[in-house]
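In what follows, every heavy atom counts, from backbone to side chain, and hydrogens, waters and symmetry copies are set aside.
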Amino acid sequence: MNGKIYKRYLETSVYTDISIYKEFILSLPDDISSIGMLVCGQITHPSMYFTEPSSYLEDKYYGKFASYPKNRFKNEDELYITAVSMIAGILRLDGTGFTKNRDVTKRITVSCRQASVLFSAILKAKKIPCRSRAGFMDFGNTGDSYMEHWVNEYWDFNENRWVLADVDGYYEYEQRFGYSQFDLPRRKFVTASEAWLGLRKNNLNKKLDVFSTNILEGVCEYLFMDFHSLMNNEIFYSYQPLYLRGGIQALSESELRELDYLAELLAEPDKNMEKIEHLQAANEKLSVLTNNTQNIYYDTFK
């Protein structure tokens with residue numbers, strides 16, 4: 001890794017800055033798997049409350065979901081957008097710190113983007129280059145379907161490579177697939193750029209599970225989240241470029257080709273970092289963001 005890339009991924013954003021919690025974060029273990037399991041142990045995923053609870057999960061990892069306070073949101077993503085807010089929320093629920101086997105009532109309920117941001121923040125504080133990535137994960141280990149997901153890449157100095165890690169959940173504590181969730185095979189994750197280019201060229205041989213009714217539009221959202229994450233700006237998933245307010249169907253072919261070029265650069269971010277930075281600086285519409293609330297106000301008062 002060259003010095004510029006190394007420095008970039010030690011820098012923090014408004015999302016990964018840990019501010020007053022630096023001393024606390026530095027007191028946590030230094031090895032990746034211990035950090036990753038601690039992050040997993042402080043959160044539950046919102047989907048856990050909208051499906052039939054698994055007795056296996058309840059007994060082994062979380063405690064009884066029925067004990068979760070009825071007055072708490074079943075999805076706290078909007079409460080905990082930054083690492084600082086997540087740390088504060090975790091310590092408010094249990095002031096003893098990041099504890100193992102934390103009961104569901106003492107966990108914050110956030111999704112993969114938040115888990116990725118928190119992991120990035122901790123590793124950056126410990127001088128381990130780290131970045132969040134937005135794309136699509138094969139949870140079943142069969143390659144049958146890839147779901148929307150955020151993961152991390154951290155730099156392994158001994159092996160001189162980016163290592164793929166997923167700290168959102170429990171699913172490989174026991175390494176039941178033969179590998180750790182903190183060192184995943186690359187085949188497990190489809191980057192947003194790979195998905196975009198595959199769809200545009202009609203040669204993507206992987207099934208994507210996307211929430212949007214328009215699959216290309218759903219992938220476009222992840223393309224921008226991944227772009228901003230690689231720029232150390234791990235945007236919340238409702239933040240998107242203002243010029244996309246009308247949906248992807250409103251884009252011209254020229255604008256679609258601009259996104260093709262962005263995806264080509266993101267396919268090899270370290271190699272293309274200077275070009276990505278130039279594109280960010282030169283093309284303002286890639287960086288001027290809006291969110292769903294702003295859309296409502298804009299439509300009301302324009």
Ignoring hydrogens and angles, state whether a donor on the side chain of [X] or [Y] is under 3.5 Å from an acceptor on the partner side chain.
| X | Y | result |
| --- | --- | --- |
| Ser180 | Asp183 | no |
| Tyr68 | Thr44 | no |
| Ser252 | Ser254 | no |

Indicate yes or no for a side-chain donor-acceptor contact from [X] to the backbone of [Y] under 3.5 Å, with no hydrogens or angles considered.
| X | Y | value |
| --- | --- | --- |
| Lys188 | Asp138 | yes |
| Gln240 | Glu221 | yes |
| Asn283 | Leu279 | no |
| Arg102 | Ile90 | yes |
| Glu148 | Phe211 | yes |
| Lys124 | Glu11 | yes |
| Lys127 | Leu10 | no |
| Asp166 | Gln181 | no |

Rounded to the nearest 0.5 Å, what separates atom [atom1] in [X] from atom [atom2] in [Y]?
| X | Y | atom1 | atom2 | result |
| --- | --- | --- | --- | --- |
| Tyr179 | Leu184 | OH | CG | 6.5 Å |
| Leu251 | Leu216 | CG | CG | 9.0 Å |
| Leu28 | Leu123 | CG | CG | 10.5 Å |
| Asp103 | Ser67 | CG | OG | 5.0 Å |
| Arg187 | Asn141 | CZ | CG | 4.5 Å |
| Tyr15 | Leu118 | OH | CG | 15.5 Å |

Checklist entry - Hey, would you say the His228 and Tyr239 ring centroids sit under 6.0 Å apart? => result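 Aromatic pair excluded; centres sit 6.0 Å or further apart.
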Checklist entry - Got a sec, which pairs hit side-chain hydrogen bond (donor to acceptor under 3.5 Å, both in side chains) with one end in residues 76-96, sequence neighbours left out? => result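 As it turns out, the side-chain hydrogen bond (donor to acceptor under 3.5 Å, both in side chains) pairs with a partner in residues 76-96, which skip direct neighbours, are Arg72-Glu76, Asp77-Ser111, Asp77-Tyr237, Thr82-Ser85, Asp94-Thr96.
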If you count every heavy atom of other residues, nucleotides or ligands that lies below 6.0 Å from [X] atom [atom1], does the total exceed 12?
| X | atom1 | value |
| --- | --- | --- |
| Phe24 | CZ | yes |
| Phe157 | CZ | yes |
| Gln249 | CD | yes |

Mind listing the closest non-hydrogen atom pair of [X] and [Y] along with its distance?
| X | Y | result |
| --- | --- | --- |
| Leu204 | Glu194 | CD1-O, 4.1 Å |
| His149 | Phe189 | O-CE1, 4.0 Å |
| Ser229 | Trp150 | OG-CZ3, 3.2 Å |
| Ile87 | Ile18 | CD1-CG2, 4.1 Å |
| Asn101 | Arg107 | C-NH2, 4.3 Å |
| Tyr243 | Phe224 | OH-CZ, 3.8 Å |

Next on the checklist: Is there a path of hydrophobic side-chain contacts, each under 4.5 Å between heavy atoms of I/L/V/M/F/W/Y residues, joining Leu26 to Val39?
Outcome noted: no
Checklist entry - Under 4.5 Å between side-chain heavy atoms, hopping through other hydrophobics if needed: is there a path connecting Leu223 to Tyr261? => result yes
Non-hydrogen side-chain atoms of [X] and [Y] separated by less than 4.5 Å:
| X | Y | value |
| --- | --- | --- |
| Leu256 | Ile248 | yes |
| Phe139 | Asp209 | no |
| Leu266 | Thr191 | no |
| Glu264 | Leu197 | yes |
| Phe73 | Thr109 | no |
| Trp155 | Asn160 | yes |
| His278 | Glu274 | no |
| Ile108 | Gln42 | no |

Checklist entry - Which residues pass the salt bridge (Lys or Arg N to Asp or Glu O under 4.0 Å) test with Glu159, sequence neighbours left out? => result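 Partners of Glu159 by the salt bridge (Lys or Arg N to Asp or Glu O under 4.0 Å) criterion, ordered by chain and then number, come out as Arg161.
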Listed partners of [X] passing side-chain hydrogen bond (donor to acceptor under 3.5 Å, both in side chains), at least two apart:
| X | value |
| --- | --- |
| Lys271 | none |
| Tyr154 | none |
| Asp226 | Arg133 |
| Trp196 | Asp260 |

Next on the checklist: Go through it in stages, so that I can follow the logic: the residues are Phe119 and Asp168, the test is side chain to side chain contact (heavy atoms under 4.5 Å, CB included), and I'd like the CA-CA distance, side-chain angles, deciding distance and then a yes or no.
Outcome noted: CA-CA 10 Å; Phe119 190 61; Asp168 179 37; over 6 Å; no
Next on the checklist: Run the side chain to side chain contact (heavy atoms under 4.5 Å, CB included) test on Glu255 and Lys285 for me, step by step, so that the C-alpha distance in whole Å, both residues' side-chain angles and the decisive distance to 0.1 Å come before the verdict.
Outcome noted: CA-CA 11 Å; Glu255 288 173 316; Lys285 64 185 180 184; 3.5 Å; yes
Next on the checklist: Checking salt bridge (charged side-chain N to carboxylate O under 4.0 Å, His left out) between Asp270 and each of Lys275, Arg131, Arg8, Lys4, which is the one that passes?
Outcome noted: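 Looking at Lys275, Arg131, Arg8, Lys4, the match for Asp270 under the salt bridge (charged side-chain N to carboxylate O under 4.0 Å, His left out) is Arg131.
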Checklist entry - Which residue, Ser13, Ser116, Ser120, forms the side chain to side chain donor-acceptor pair (under 3.5 Å) with Glu234? => result Ser13
Checklist entry - So Tyr9 and Leu230, side chain to side chain contact (heavy atoms under 4.5 Å, CB included) or not? Walk me through it. => result CA-CA 9 Å; Tyr9 294 114; Leu230 287 167; 3.7 Å; yes
Checklist entry - Relative to the ring of Phe136, is the ring of Tyr222 parallel (under 30°), tilted (30 to 60°) or perpendicular (over 60°)? => result tilted
Checklist entry - What's the verdict on side chain to side chain contact (heavy atoms under 4.5 Å, CB included) for Arg113 and Ile81, showing C-alpha distance, side-chain angles and the deciding distance? => result CA-CA 9 Å; Arg113 180 260 171 198; Ile81 293 178; 3.7 Å; yes
